[in-house]
Amino acid sequence: MKESIVALTMSLVASLLLPLSVVLGQQKQTPVIQPKVGVSPLSVFVSGSYFGPKYTNVNAVYQVIEHNLSLPAGNDFKSYYFVLTGVRLTLGNGQAVQGEFGGSVMKSTKDSSTNFLQLYYAGGSYIISFPLPMVSIYGGGGLGYLWLNSQRTYGTRLGVATVNGQLVQLHGMLGIEFFDPSGVSFALEGRYTNAITVSPTRADLDFTLKGIDVGIRIGVPITF
């Protein structure tokens, strides 16, 4: 009796497992087809960062002007934000090149003096990426050109003191980038920049700007 019950139970289990095994086998053999998302090799990007160049040389020029004209000491020019935008072309094999345009405007007042500064930038970078399972690590470098216009006004005296210059910049970058399936990317990027003046009109206008900036970049693919 027990043997017949065991045999009947086994036959019932087998009859239940056989269709399930067939279905699972079919699902295993049939690949899951996912739609491909075409990502253009051309993209635009915009980034905002905290920019920290050292304005020691520029501040020194203003100190000389204030000393010679018996002006009150003004507030030093300091770090400020920087906005960068441009176009990136992906070449393949983890390589890319990009054209960059950016700038910043700063105004600050302390006591009887007001600082106003404009900095504009144009340049380019070569980038190498190292893809990981979830993100991409990238690094690169490039050249750029800076236009610096600065001025300081004094409440106690009429007139404006100005220090301007054009500089050639060398920069290096390192970042980590996250990609959305749509092709949109988000990156945390750090840069080191070093810029020197080009053909200064006076010896005291021969200065450098260098420092580190860290910011967030967003890239959007261009579709045609």
For S113, does its backbone N or O pair with a side-chain atom of N75 as donor and acceptor, under 3.5 Å?
no

Does I137 share a hydrophobic cluster with M134, counting links as ILVMFWY side-chain heavy atoms below 4.5 Å and allowing steps through other members?
yes

Hydrophobic cluster membership, with links at side-chain heavy-atom distances under 4.5 Å among I/L/V/M/F/W/Y: are F178 and L188 in one?
yes

Pairwise distance CG(L167) to CG(L119) - rounded to 0.5 angstrom
8.0 Å

Could you tell me whether the side chain of F116 reaches within less than 4.5 Å of the side chain of V105, counting heavy atoms only?
yes

Parallel, tilted or perpendicular: which one describes the rings of F82 and Y121, with boundaries at 30° and 60°?
perpendicular

Apply side-chain contact (heavy atoms from CB on, under 4.5 Å) to Y55 and L117, showing your working.
CA-CA 11 Å; Y55 285 98; L117 184 144; 3.9 Å; yes

When rounded to the nearest 0.5 Å, the distance separating CH2 of W147 from CG of N149 is 11.0 Å

Does one side chain, of S185 or E177, offer a donor that lies under 3.5 Å from an acceptor on the other?
yes

Classify the ring geometry of Y80 against F51: parallel below 30°, tilted from 30° to 60°, perpendicular beyond 60°.
perpendicular

Would you indicate whether the side-chain heavy atoms of T197 and L205 approach each other to under 4.5 Å?
no

Closest heavy-atom pair, G215 versus S49, reported as atoms and distance to 0.1 Å, is CA-CB, 3.6 Å

Taking the side chain as every heavy atom from C-beta outward, state whether I222 and V44 have any pair of such atoms under 4.5 Å apart.
yes

Under a plain distance cut-off of 3.5 Å, with no hydrogens placed, do Q95 and Y126 share a side-chain donor-acceptor pair?
yes

More than 12 non-hydrogen atoms from neighbouring residues, nucleotides or ligands closer than 6.0 Å to CG on N68, yes or no?
yes

Just checking I196: does its CD1 atom have more than 12 heavy atoms from other residues, nucleotides or ligands closer to it than 6.0 angstrom?
no

For the CG atom of D213 and the CE atom of M173, what is their distance to the nearest 0.5 Å?
9.5 Å

R191 bridged to E100 by N-O distance under 4.0 Å
yes

How about F207 and V163: do any of their side-chain heavy atoms sit closer than 4.5 Å?
yes

For a quick test of reading the model, state the closest non-hydrogen atom pair linking L42 to V87 and the distance between them.
CD1-CG1, 3.6 Å

Step through it carefully: locate the ring centre of Y120, locate the ring centre of Y145, and say whether they are under 6.0 Å apart.
no

In terms of hydrophobic clusters joined by side-chain contacts under 4.5 Å, are L132 and I176 together?
yes

Q63 CD to D204 CG distance, which is reported to the nearest 0.5 Å
12.5 Å

Interatomic spacing from CD1 in I127 to CG in L91 - rounded to 0.5 Å:
10.0 Å

Kindly check if the number of other-residue, nucleotide or ligand heavy atoms within 6.0 Å of CG (L89) is above 12?
yes

Can you see which heavy atom on K210 is nearest to which on Y192, and at what distance?
CD-OH, 3.8 Å

side-chain contact (heavy atoms from CB on, under 4.5 Å), paired with H171, selected from N194, T193, L143
T193

What's the spacing between N164 CG and Q151 CD if we round to 0.5 Å?
8.5 Å

Indicate yes or no for a side-chain donor-acceptor contact from T85 to the backbone of F101 under 3.5 Å, with no hydrogens or angles considered.
no

Check for a donor-acceptor pair, side chain of N115 on one end and backbone N or O of K107 on the other, with a separation under 3.5 Å.
no

Below 4.0 angstrom, N of the basic side chain to O of the carboxylate: do K78 and D76 qualify?
no

Side chains of M106 and Y81, heavy atoms from C-beta outward: is any pair under 4.5 Å?
no

Closest approach of A73 to E66 (non-hydrogen atoms, all atoms of both residues)
CA-OE1, 3.5 Å

pair Y62-L71: side-chain heavy atoms closer than 4.5 Å:
no

Least distance between heavy atoms, Y138 atom then L174 atom:
O-CD1, 3.3 Å

Non-hydrogen atoms of V58 and S150 that approach each other most closely:
CG1-OG, 4.3 Å

Establish whether I128 and V97 are linked, either directly or via other cluster members, by ILVMFWY side-chain heavy-atom contacts under 4.5 Å.
yes

